[in-house]
There are 2 protein chains.
Amino acid sequence: MQMMFEYFSSFGDLSPSNMEFLLSHIQQGKLNKGEKLIRANQTVGSCYFFEEGFLHYYTHNDFGNRITLKVISPNYCWTIMESFVNQSPTLDECIALTDVRYCELKRADYMAIKSKSIELSNFIQNITEQILSAKLLEAKKKSSTTVEERYMDLLHTHPELVQEVPVHVIASWIGTSRETLHRIRRRLSVA
Amino acid sequence: MQMMFEYFSSFGDLSPSNMEFLLSHIQQGKLNKGEKLIRANQTVGSCYFFEEGFLHYYTHNDFGNRITLKVISPNYCWTIMESFVNQSPTLDECIALTDVRYCELKRADYMAIKSKSIELSNFIQNITEQILSAKLLEAKKKSSTTVEERYMDLLHTHPELVQEVPVHVIASWIGTSRETLHRIRRRLSVA
DNA sequence: CTGTTACTGTGTCATCTGACACAGTTTTTT
DNA sequence: AAAAAACTGTGTCAGATGACACAGTAACAG
């Protein structure tokens, strides 16, 4: 869990005793390729930090088609916020696309950490604010770029993801069909 | 600022003394139609709660075209998170589409509130978590609906907005052109 | 009140998109 | 090892999209 320690450290300083307290509540887990982390109708009881591997987080539209909401890469903190915060069941699912190693913080522990001291509470608040800010930037980027720009950006920032994740999953995530994405890939490989 | 009090109260209980402390830092403001709340290259120093009127929050894409990021309605808490949290200048802008009444919480006061007590710190954290959750649901909805479905949803949930906001602003927000949105409106009015 | 600017709505056209079908390859299951 | 399932990539086609141009109306500025 060295990666998780470094992830937390990037949000600012925390006294060693509080960092120790925080890390002491983390549990490590593994998933095999094809295993589900979250199944439909489940209430999400943890937040997760992924150290290795890729996951596919998806929902279904009114026609039952699978829509990719996120392809999760290593070094990423994630949960289904609605279900985690409000303790309501989710219809979304999350499945391992490769073997995965992760750290898990259960909701009861998360609440205990927030209530331990104002330093820890504000530290968690800083993390939440940064995550919210990142989500808004992601949404802004999606609104102001074309599908081709989004794919090219992925090629530059996540080349391993593009290698390991099926084209139809990536296509859905960036907002197009697998046919159109194949045409984009052909166009980019000719240039 | 009764609307703001009710907005805060919807996030759970807060002791009267802490609610009083929170509300005592709120300043009220007004904008006339056409006035900018946020200009390009400004560092955002407050978060805002809008009680009346509509605003247009937009950025520009690489071609200089204006892209709507949000049409802001009454009863909505908003800031440009990246600029507010990291104190970096933003290139985005926010302009009043109608006359606007709002409440403002300056960043220094926000920090003071978070540091006053663990109850207030956790209360602010609850609000941030709910806002993050709502943003993720909004993004999920955008990914799994068509432009027409999004417009129909707006007709049902925000009929005044559809009346008062220019069609090209709404079109950009829901991810289409004003020509396509006019065709959708024609199709919906014939049915 | 008049002129200017912004907005609304429509038609035309070239281009793009996605559904469908298909063939081939790779991965998984038996 | 063989069969089945999943994935990759391409071609065809109908329909949708957005840019552009245009005419008319509403709102705003002088």
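Convention: sequence-line order gives letters A, B, ...; per-chain numbering from 1. Side chains included, hydrogens not; waters and symmetry mates left out as well; all remaining heavy atoms used.
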Let me know the distance between [atom1] of [X] and [atom2] of [N], rounded to the nearest Å.
| X | N | atom1 | atom2 | result |
| --- | --- | --- | --- | --- |
| B:Glu164 | C:dT8 | CD | P | 12 Å |
| A:Leu97 | D:dC7 | CG | P | 10 Å |
| B:Lys33 | C:dT5 | NZ | C1' | 12 Å |
| A:Glu148 | C:dT15 | CD | P | 16 Å |
| B:Asn65 | D:dG18 | CG | P | 13 Å |

### Query
Do A:Arg178 side-chain and D:dG9 base share a donor-acceptor contact under 3.5 Å?
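By the distance-only test, yes, there is a pair.
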### Message
Given the structure, check if the side chain of A:Arg183 and the base of D:dT8 hold any donor-acceptor pair shorter than 3.5 Å.
### Response
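By the distance-only test, no, there is no pair.
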### Message
Angle between ring planes, B:Tyr58 versus B:His56, binned at 30° and 60°: parallel, tilted or perpendicular?
### Response
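Because their plane-to-plane angle lies in the 30° to 60° range, the rings of B:Tyr58 and B:His56 count as tilted.
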### Message
Any non-hydrogen side-chain atom of B:Ser9 less than 4.5 Å from a side-chain atom of B:Met19?
### Response
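Result yes, sub-4.5 Å side-chain heavy-atom pair found.
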### Query
Using the C1' atoms of the five pairs at each end, what is the angle between the end axes of the helix from C:dC1-D:dG30 to C:dT30-D:dA1, to 10°?
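Inter-axis angle at the ends, rounded: 60°.
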### Task
Find which nucleotide of DNA chain C each of A:Thr176 and B:His182 is nearest to by heavy atoms, and output the residue with the more 5' nucleotide.
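The answer here is B:His182.
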### Message
How long is the straight-line distance from CZ of A:Arg66 back to OG1 of A:Thr59, given to the nearest 0.5 Å?
### Response
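Here the interatomic distance stands at 11.0 Å.
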#### Entry: First encountered from the 5' end of DNA chain D, between A:His168 and A:Glu179
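Result: A:His168.
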#### Entry: Atom of A:Asn75, atom of A:Phe49 and distance for their closest heavy-atom approach
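Smallest interatomic distance, heavy atoms only, reads OD1-CZ, 3.2 Å.
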